[in-house]
There are 2 protein chains.
Amino acid sequence: MYDGVIQDLIDELGRLPGIGPKSAQRIAFHLLDADPDDVRRLATVLTDVKAKVHFCAICCVVTTDTECRICSDPRRDTTVLCVVEESKDVVAIERTREFRGRYHVLGGAISPIEGVGPENLRIKELYARLNDPAITEVIIATDPNLEGEATATYLIRSLTTFGIKVSKLASGLPIGGDLEYADELTLGRAFEGRTSVVQASAPSSS
Amino acid sequence: MYDGVIQDLIDELGRLPGIGPKSAQRIAFHLLDADPDDVRRLATVLTDVKAKVHFCAICCVVTTDTECRICSDPRRDTTVLCVVEESKDVVAIERTREFRGRYHVLGGAISPIEGVGPENLRIKELYARLNDPAITEVIIATDPNLEGEATATYLIRSLTTFGIKVSKLASGLPIGGDLEYADELTLGRAFEGRTSVVQASAPSSS
């Protein structure tokens with residue numbers, strides 16, 4: 001509909017995830033009106049990102065260095081390893097400031113439908129890291145969905161042979177939500193994983 | 001949160017209209033995984049668009065030529081001029097295939113809040129075009145909102161001196177919508193602009 005390069009830009013933007021034709025058009029016209037320096041900066045960073053970004057040699061998170069900031073930080077606890085699916089999961093966990101150990105990024109989850117098996121994930125690399133006797137616990141933090149649970153089950157089964165503690169993030173009611181709006185699966189998990197608050201005692205014979 | 005250039009990309013993407021931090025992160029990771037050629041194409045088209053796109057010398061629509069496809073098309077009706085705010089309005093009207101005349105793109109609408117007055121729009125250029133005796137009608141097709149209506153009112157008032165027909169797009173109920181869901185302003189306009197379907201006749205004395 002639009003002249004050559006304008007339509008090209010709308011088409012390229014429309015290929016990005018979550019951007020429909022209307023948004024693509026809106027962004028394209030925003031860029032046409034924008035300061036040329038702003039647009040040049042976006043174009044440059046797009047080129048840079050593909051040239052400079054690769055995976056951390058240790059934990060496989062995306063980084064611009066050989067080893068990521070977390071793996072090269074001597075203050076991090078080297079006895080605990082948190083296994084996640086994607087680099088963005090690392091950032092989400094870091095935001096909680098709850099975890100001071102290191103990570104291992106699998107690069108996805110087991111999904112027979114999408115043809116992703118354990119051999120397509122960085123599981124061999126995980127096994128290799130577990131040869132380090134310093135590691136005493138592996139925390140599995142895959143997504144709480146079908147693929148993530150399948151991956152967790154696979155890992156739990158195969159990690160038993162290593163003789164180290166393996167734990168998994170708790171499932172349950174999200175904080176700040178309403179119980180009545182929780183879906184039945186989540187609510188079921190919350191029951192299943194309920195934590196004991198007061199221990200039952202033998203009835204006193206007073 | 002992320003390493004240098006990855007965070008830069010997320011920041012640059014987050015500056016685009018309608019893209020929040022979550023979407024920016026999602027797009028950034030999509031691009032990190034994407035084929036390098038796809039990303040290079042996006043970067044190239046961004047650079048190209050600023051270099052090649054400018055305004056049509058006649059109607060001021062964005063184009064890559066000196067004159068746009070519509071202005072240089074000899075089959076278009078040169079007697080009618082449709083005045084719109086933005087280039088995307090031209091594309092929207094072209095999609096209807098209802099209009100065979102030419103356009104004039106104002107480049108915005110009068111908005112005292114944003115400091116846009118008539119002198120900031122391409123209204124002088126419109127007056128210049130109206131010196132062409134071939135033009136017999138100007139159709140005002142500004143947005144049906146506060147700024148668009150203000151612009152329409154201004155144009156209608158100033159165009160009376162040219163002695164040519166001036167019309168304005170109809171306001172009313174959108175086709176395909178439910179009357180009960182129409183907002184009161186739209187419904188009010190639909191009443192105001194109601195079209196006569198059967199003429200009243202003197203009561204027959206049979």
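First the proteins, then the strands, lettered A, B, ... as listed; each starts at 1. Since the structure is predicted, the reported quantities are computational estimates derived from the model, not experimental observations.
- No more than 12 heavy atoms of other residues, nucleotides or ligands sit less than 6.0 Å from atom CD of B:E114.
- Per-residue heavy-atom pair counts under 4.5 Å with chain B were compared for A:D65, A:V61, A:D38, A:T64, and the maximum is reached by A:T64.
- For B:D11, no part sits under 4.5 Å from any heavy atom of chain A, backbone or side chain.
- Neither the backbone nor the side chain of B:S23 comes within less than 4.5 Å of any heavy atom in chain A.
- When heavy atoms are compared at a cutoff of 4.5 Å, B:R26 approaches chain A by way of both its backbone and its side chain.
- More than 12 heavy atoms of other residues, nucleotides or ligands sit less than 6.0 Å from atom CD of B:E119.
- Listed options B:I6, B:I19, B:D8, B:V90 were ranked by heavy-atom pairs under 4.5 angstrom with chain A; first place goes to B:I6.
- Of all non-hydrogen atoms in B:H30 and A:R15, the two that sit nearest each other are NE2-O, 4.2 Å.
- Heavy-atom neighbours of chain B within the stretch residues 44-55 of chain A, taken at a separation under 4.5 angstrom, comprise A:V45, A:L46, A:T47, A:D48, A:V49, A:K50, A:K52, A:V53.
- Between A:L42 and B:L13 there is a side-chain heavy-atom pair separated by less than 4.5 Å.
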Could you walk me through whether A:K88 and B:F29 pass the side chain to side chain contact (heavy atoms under 4.5 Å, CB included) test, one step at a time? CA-CA 8 Å; A:K88 35 194 165 187; B:F29 276 93; 4.0 Å; yes
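- Atom CG of B:L146 has 12 or fewer neighbouring heavy atoms from other residues, nucleotides or ligands inside a 6.0 Å radius.
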